[in-house]
Trainee: 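Below is a structure I'd like to ask you about.
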Amino acid sequence: MPELPEVQTVVNTIAGQLIGRRIAGIAHHRQTIIHPRNFNLAGHLVGARIQSVHRRAKRIIFELNDNRYFYIHLGMTGHLSVQNSDAPVLKHTHLMIDLAPKSRRRSEKPAQLRFCDPRRFGGLFWLGGQPDTGDLGPEPLTMTARQLAKRLHQTARPIKNALMDQKLIAGLGNIYVDESLFASHIHPRDCANRLSLAQITELLSCIKRILRSAIRHRGSSVRDYRDGHGRAGEYQNLHRVYGRTGAACIKCSTPIQRMILGGRSTHFCPQCQKLRQ
DNA sequence: GTCCATGTTCTTTA
DNA sequence: CTAAAGAACATGGA
């Protein structure tokens with residue numbers, strides 16, 4: 001489900017409904033999606049107020065009023081939304097956080113933040129007082145080409161694998177790496193440390209343009225992804241290589257090829273993205 | 001039954 | 001030591 005644009009869109013669609021609200025209770029949760037295991041979630045959350053909600057890489061970071069933090073990762077199929085407490089509970093809903101009413105008006109219906117995740121690759125991660133776990137690379141949207149070049153030149157991995165590495169650059173996933181490499185005419189298997197500064201400058205500029213456009217289009221709904229209102233994104237209609245195996249390249253009509261790199265499907269145009277090695 | 005899936009982490013292999 | 005490759009997690013759709 002979620003790469004940077006999708007996670008940003010979820011934040012954009014739920015933050016306003018959460019900020020300033022007190023957590024009144026935990027209605028239901030499955031312990032295995034809570035980290036660390038056996039963490040007393042209700043004991044730490046109930047009574048706290050949500051101060052801010054923001055995105056870091058693919059994580060949705062919640063700041064509580066007493067300077068404690070946790071984040072929710074959507075994994076591959078996670079959905080996060082604010083719903084009325086009497087709304088039907090979908091199968092695979094693993095966490096429901098009761099929100100205290102915003103006002104005292106009796107007409108306001110009780111609401112819950114709900115986390116639903118069929119494959120359970122996602123979860124809630126308690127951070128305590130330290131929001132920066134130190135295991136993530138820079139944000140692509142604020143990174144400089146020099147910064148990216150320095151990091152890429154330290155590894156001989158294929159550029160596709162390097163860009164998927166959250167410690168090297170944080171927030172990209174399979175869709176946006178493939179799309180960015182196509183846009184910058186770089187073969188996915190080109191060695192990261194053999195790319196020129198000019199190529200990396202172009203690559204980063206494509207990454208930024210594509211991510212911004214994807215956020216404007218509220219993410220890519222290929223399969224499972226929905227925003228905080230349950231609404232699909234639109235950027236999947238603008239994919240040029242991802243999921244287009246065998247279809248004609250939008251620039252040169254050559255059939256888009258698919259190969260496996262880093263254990264993931266990798267889509268590219270063999271004509272527009274020549275291997276330079 | 002088969003293969004595939006927007007992610008991360010751990011283990012095995014080279 | 002490094003890094004590549006593979007498996008694992010769990011569920012569902014084509």
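Residue numbering restarts at 1 for every chain, and letters A, B, ... go by the order of the sequence lines. Atoms considered below: every heavy atom in the structure, side chains included; atoms not considered: hydrogens, waters and symmetry mates.
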Trainee: Give me each pair satisfying salt bridge (Lys or Arg N to Asp or Glu O under 4.0 Å) with a member in residues 161-187 of chain A, each pair once, sequence neighbours excluded.
Mentor: A:Arg157-A:Asp165, A:Lys160-A:Asp178

Trainee: Is there a side-chain contact between A:His92 and the phosphate of C:dG12, meaning an N or O under 4.0 Å from OP1 or OP2?
Mentor: yes

Trainee: Mind checking the C1' distance from B:dT8 to C:dG13? Whole angstroms is fine.
Mentor: 23 Å

Trainee: Please, which pairs that meet salt bridge (Lys or Arg N to Asp or Glu O under 4.0 Å) have at least one residue in residues 90-102 of chain A, sequence neighbours excluded?
Mentor: none

Trainee: Please state the P separation for the pair C:dG12 and B:dT9 - nearest whole angstrom.
Mentor: 24 Å

Trainee: Just say parallel, tilted or perpendicular for the rings of A:His73 and A:Phe125, cut-offs at 30° and 60°.
Mentor: perpendicular

Trainee: Quick one: A:Leu152 CG to C:dA3 P, roughly how many Å, whole number?
Mentor: 13 Å

Trainee: Considering just the side-chain nitrogens and oxygens of A:Ser265, establish if one lies under 4.0 Å of OP1 or OP2 belonging to B:dA5.
Mentor: yes

Trainee: Using a cutoff of under 3.5 Å, can you pull out all pairs of nitrogen or oxygen atoms linking the protein to nucleotides 4-8 of chain C, with atom names and distances?
Mentor:
none

Trainee: Using atom CZ of A:Phe121 as one end and atom P of C:dG12 as the other, report the distance to the nearest whole Å.
Mentor: 12 Å

Trainee: Between A:His79 and A:Phe115, is the gap from one ring center to the other below 6.0 Å?
Mentor: no

Trainee: By the 4.0 Å heavy-atom rule, please label A:Tyr176 as base, sugar-phosphate, or nothing.
Mentor: nothing

Trainee: Kindly write out the residues that satisfy salt bridge (charged side-chain N to carboxylate O under 4.0 Å, His left out) with A:Asp135, not counting sequence neighbours, or none if the list is empty.
Mentor: A:Arg59

Trainee: Can you name the residues that form a side-chain contact (heavy atoms from CB on, under 4.5 Å) with A:Ala162, not counting sequence neighbours?
Mentor: A:Leu152, A:Thr155, A:Leu168, A:Ala192

Trainee: Rounded off to whole Å, could you give me the OH-to-C1' distance for the A:Tyr225 and C:dG12 pair?
Mentor: 20 Å

Trainee: Could you give the side-chain donor-acceptor pairs of residues 25-35 of chain A under 3.5 Å, partners two or more places apart or in another chain?
Mentor:
residue : atom : partner : partner atom : Å
A:His28 : NE2  : A:Thr93 : O            : 3.2
A:Arg30 : NE   : A:His94 : ND1          : 3.4
A:His35 : ND1  : A:Ile33 : O            : 3.3

Trainee: Students often get this wrong, so: under 4.0 angstrom with heavy atoms, is A:Gly263 touching a base, only sugar-phosphate, or nothing?
Mentor: nothing

Trainee: Is the backbone N or O of A:Gly173 less than 3.5 Å from a side-chain atom of A:Glu3, with the two atoms forming a donor-acceptor pair by type?
Mentor: yes

Trainee: Please report, rounded to the nearest Å, how far the C1' atom of C:dC9 is from the CZ atom of A:Arg37.
Mentor: 10 Å

Trainee: Please report the distance, rounded to the nearest Å, between CD in A:Glu6 and P in B:dG7.
Mentor: 9 Å

Trainee: Please list all pairs meeting salt bridge (Lys or Arg N to Asp or Glu O under 4.0 Å) that have one or both residues in residues 207-217 of chain A, counting only residues at least two apart or in different chains.
Mentor: none

Trainee: Side-chain donor-acceptor pairs under 3.5 Å in residues 250-263 of chain A, sequence neighbours left out?
Mentor:
residue  : atom : partner  : partner atom : Å
A:Lys251 : NZ   : A:His185 : NE2          : 3.1
A:Arg258 : NE   : A:Ser265 : OG           : 2.8
A:Arg258 : NH2  : A:Ser265 : OG           : 2.8

Trainee: Over how many whole Å does the gap from A:Tyr242 atom OH to B:dC4 atom P extend?
Mentor: 12 Å

Trainee: Dump the pairs, protein N or O against N or O of nucleotides 8-11 of chain B, anything under 3.5 Å, distances to one decimal.
Mentor:
residue : atom : partner : partner atom : Å
B:dT8   : OP1  : A:His73 : NE2          : 3.0
B:dT8   : OP2  : A:Lys58 : NZ           : 3.0

Trainee: Between B:dT2 and C:dA8, how far apart are the two P atoms, rounded to whole Å?
Mentor: 15 Å

Trainee: Taking salt bridge (charged side-chain N to carboxylate O under 4.0 Å, His left out) as the definition, give me every residue that meets it alongside A:Arg68, ordered by chain and number, with sequence neighbours left out.
Mentor: A:Asp66

Trainee: Could you give the CE-to-C1' distance, from A:Met76 to B:dG7, as a whole number of Å?
Mentor: 5 Å

Trainee: Could you check whether A:Lys167 gets within reach of a base, just the sugar-phosphate, or nothing at all, counting any heavy atom under 4.0 Å?
Mentor: nothing

Trainee: Please report the distance, rounded to the nearest Å, between CG in A:Asp117 and C1' in C:dA10.
Mentor: 9 Å

Trainee: Can you list the residues that meet the side-chain contact (heavy atoms from CB on, under 4.5 Å) rule with A:Ala170, with sequence neighbours excluded?
Mentor: A:Arg56, A:Ala57, A:Leu136, A:Gln166

Trainee: Take N1-N3 plus N6-O4 or O6-N4 for Watson-Crick, N1-O2 plus O6-N3 for G-U, both under 3.5 Å. Which runs of 3 or more such pairs involve DNA chain C?
Mentor: B:2-5 with C:11-14, B:7-14 with C:2-9

